[in-house]
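Here's the structure, in structure tokens; my notes come after.
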Amino acid sequence: MTDHALDPRAASPTWHLAEQEDHDHGGGGATILGFWIYLMSDALIFASLFAMFGVVSTSYAGGPIPREIFDLKLVALNTALLLASSITFGEAMPHMEAGRVGQTRAWLAITGLLGLAFLGIELYEFGQLIAEGASPQRSAFLSAFFTLVGTHGAHVAVGLIWLTVMLIQLGQHGLSLPMKRRLICLSMFWHFLDIIWIGVFTFVYLYGVIR
Amino acid sequence: MSTEPYDHALHAHGDTMGHGSRRGHRIGSLLAIILTVVPFWLVMSQQGPAPGWTAAVIFALALVQIVVHVVCFLHLDTRSEGGWTLLAFLFTAVIVVLTIGGSVWVMFHLNTNMMPMPGGMTGPVR
């Protein structure tokens, strides 16, 4: 609401018609597009990491190969958690549009817990791998694996911090227009991370095990 | 931003994020679950065809799932933001394919055509 005060049209009598409550991104259009461009550039970062992994994915240096070290049950669980978190975030959005703060916060909290579980299991997996001697410095394959999956995990961690901030701010500001704009951006970020994970579980884990 | 047509574009985008998306989200969720379970089942049960075919199938399913997520979860369509999100997405998709496909293709041929050296400093060490 505060950015409306900067609008020179605020004095015009038609202004209220143009900016009703159901216009969710009053002035947010540029933000949404800008955030989309950021996501696309982030996709390019992951593209280069996937390319690097693809190039060295069989450079085992005599070390462990994917079939020996990847626990697909754990990966399946992790995939389910992240996909579920994407779905629960989608469940929060209609409540946000309708201005129901309580339900929005509840769905976001569930999303956050699922994301936290995903991150915990990923760190557990990394710990297991390093304990087995499959550490990043063992081979080019493992360096690329830890870089690619670790970068995705770092993104999820940032998403969790952002989600926590949103939960706190929802308590303070409710569902104001800036809050809706931020939540739309966060939902795009979260869904984007799930899309990257599709590439990870297919290209790194499943393809690694069958090749 | 103050022009009428742009406000209209914003409104159209708001509609996609709001009313029309709930059913799309449900369908997308169902498709995403199926498209995730099938490749995991194929690989983990080892019921699938020969490894080469299984690989082709899981990559195809991944591509379909990415499209499902982009359409149903990220609500990408031809109208939102006046088509700029779609344009940016298509541009990025081209670069992603070039980067990954090109790197893997070029480096694969470099590795295959490289003379084997004692000490194994060239090519992938297996």
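Labels below follow one simple rule: chain letters A, B, ... track the order of the sequence lines, proteins then strands, and each chain is numbered from 1. Just so you know, these numbers come straight off a predicted model, no measurement behind them.
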- Item | Nearest-0.5 Å distance that lies between atom OG1 in A:Thr104 and atom CG in A:Leu170 |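 With rounding to 0.5 Å, OG1 (A:Thr104) is 6.5 Å from CG (A:Leu170).
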Max heavy-atom pair count under 4.5 Å with chain B, selected residue of [options]:
| options | value |
| --- | --- |
| A:Phe50, A:Phe192, A:Phe201 | A:Phe201 |
| A:Asp194, A:Ile37, A:Val209, A:Leu49 | A:Asp194 |
| A:Gly90, A:Gly199, A:Gly54 | A:Gly90 |

Let me know if [X] has heavy atoms under 4.5 Å from chain B in its side chain, its backbone, both or neither.
| X | answer |
| --- | --- |
| A:Thr202 | both |
| A:Val75 | both |
| A:Phe203 | both |
| A:Leu83 | side chain |
| A:Ser86 | both |

If you tally heavy-atom pairs under 4.5 Å between each of B:Ala62, B:Gly52, B:Gly28, B:Gly102 and chain A, the highest tally belongs to B:Ala62
Under a 4.5 Å heavy-atom cutoff, which of B:Val97, B:Leu76, B:Leu98 has the most pairs with chain A?
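Sorted descending by pairs with chain A, the first entry is B:Leu76.
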| query | How are the rings of A:Phe141 and A:Tyr60 set relative to one another: parallel (under 30°), tilted (30 to 60°) or perpendicular (over 60°)? | reply |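 Plane angle over 60°, so perpendicular.
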query: Between A:Phe35 and A:Trp162, is the ring centre distance below 6.0 Å?
result: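 Centroid separation for A:Phe35 and A:Trp162: below 6.0 Å.
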Open item on the list: Would you say B:Thr85 and B:Ser80 are linked by a side-chain donor-acceptor pair, where the criterion is simply a distance under 3.5 Å?
Closed with: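 Yes, a side-chain donor-acceptor pair sits under 3.5 Å.
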inquiry  = Would the distance check show the side chain of A:His152 and the main-chain N or O of A:Leu148 forming a donor-acceptor pair, the cut-off being under 3.5 Å?
reply    = no
#### Entry: Short side-chain to backbone donor-acceptor contact, A:Arg211 and B:Pro51, under 3.5 Å
no
Side chain to side chain contact (heavy atoms under 4.5 Å, CB included) with B:Arg22: of A:Met93, A:Glu91, A:Glu97, only one passes, and it is A:Glu91
